[in-house]
Amino acid sequence: MEQSKDPLHGKRLDAMLEELVEYYEGFEKLGEQINIKCFTDNPSINSSLKFLRKTDWARTKVESLYLFMLRQKKRNETKNRK
């Protein structure tokens, strides 16, 4: 079997959101990256998931930011090894 090279393959939306919240140290900074109400107005994982599952454009933004975060983490790891 061939492994998918897509980093989003098999990745659940809740796991992506939790990693983003952790990486950006809370919803406040995540809301600065993606200015949507579910991140800026009384945010929670559950309410954000509800919104993101119904709203394709917002989910696309979250997935894009997640991919950016993965690249940043990899870049930082490479930089720290040198």
Side-chain angles (χ1 to χ4, degrees):
M1 247 193 242
E2 208 174 299
Q3 287 276 29
S4 174
K5 293 189 190 287
D6 180 4
L8 297 177
H9 180 78
K11 195 70 173 180
R12 292 170 39 137
L13 183 59
D14 60 341
M16 278 191 271
L17 189 55
E18 287 170 3
E19 282 186 61
L20 285 168
V21 169
E22 183 181 325
Y23 182 78
Y24 287 103
E25 299 172 346
F27 277 103
E28 187 176 330
K29 288 185 181 169
L30 180 57
E32 291 172 8
Q33 298 297 313
I34 304 175
N35 188 15
I36 53 179
K37 198 172 181 178
C38 69
F39 294 160
T40 60
D41 185 31
N42 199 19
S44 73
I45 295 288
N46 286 338
S47 65
S48 297
L49 285 172
K50 250 184 231 180
F51 177 75
L52 294 170
R53 287 184 178 128
K54 293 187 296 189
T55 316
D56 288 339
W57 64 264
R59 184 179 181 139
T60 300
K61 286 184 176 226
V62 167
E63 289 172 347
S64 295
L65 184 62
Y66 182 77
L67 293 172
F68 175 77
M69 179 201 70
L70 291 177
R71 288 192 302 274
Q72 289 296 103
K73 280 183 166 182
K74 195 171 192 176
R75 201 171 285 140
N76 290 341
E77 286 174 12
T78 304
K79 203 183 288 184
N80 290 339
R81 285 189 197 144
K82 292 181 180 180

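All values below were derived from every heavy atom in this structure, side-chain atoms included, with hydrogens, water molecules and symmetry-related copies excluded. Counting from 1, the numbers follow the sequence of the chain as shown. In this text, all values refer to a predicted model and were calculated from it rather than measured experimentally.
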Rounded at 0.5 Å granularity, tell me how far [atom1] in [X] sits from [atom2] in [Y].
X: I45; Y: L52; atom1: CD1; atom2: CG; answer: 9.5 Å
X: D6; Y: L67; atom1: CG; atom2: CG; answer: 7.5 Å
X: F27; Y: I34; atom1: CZ; atom2: CD1; answer: 11.0 Å

Tell me every residue that passes salt bridge (Lys or Arg N to Asp or Glu O under 4.0 Å) with [X], counting only those two or more places apart in sequence or in another chain.
X: R71; value: none
X: K29; value: E25
X: E63; value: R59

Residue pairs passing the side-chain hydrogen bond (donor to acceptor under 3.5 Å, both in side chains) test where at least one lies in residues 11-20, sequence neighbours excluded: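 Sorted result for residues 11-20: K11-E19, K11-Y66, R12-D14, E19-Y66.
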According to the side-chain hydrogen bond (donor to acceptor under 3.5 Å, both in side chains) rule, which pairs have a member within residues 49-58, sequence neighbours left out?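 side-chain hydrogen bond (donor to acceptor under 3.5 Å, both in side chains) check on residues 49-58 returns no pairs.
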Side chain to side chain contact (heavy atoms under 4.5 Å, CB included) with N76: which residues, sequence neighbours excluded?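 For N76 the side chain to side chain contact (heavy atoms under 4.5 Å, CB included) partners, ignoring immediate neighbours, are Y23.
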Can you tell me which residue pairs pass the salt bridge (Lys or Arg N to Asp or Glu O under 4.0 Å) test with a partner in residues 30-46, sequence neighbours excluded?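 Non-adjacent pairs meeting salt bridge (Lys or Arg N to Asp or Glu O under 4.0 Å): zero.
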My understanding is that only residues two or more places apart in sequence, or in another chain, count here; which of them pass side-chain hydrogen bond (donor to acceptor under 3.5 Å, both in side chains) with S47?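 Listed in chain order: S44.
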So which heavy atom on F39 is nearest to which on G31, and how close?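 Closest pair (atom of F39, atom of G31, distance): CB-CA, 3.8 Å.
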To check you understand the geometry: which heavy-atom pair defines the closest contact between C38 and S48, and what is its length?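 Residues C38 and S48, closest heavy atoms: O-OG, 3.1 Å.
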Just wondering, more than 12 heavy atoms not from E22 lying within 6.0 Å of its CD?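 No, because the 6.0 Å sphere around CD of E22 holds 12 heavy atoms or fewer from other groups.
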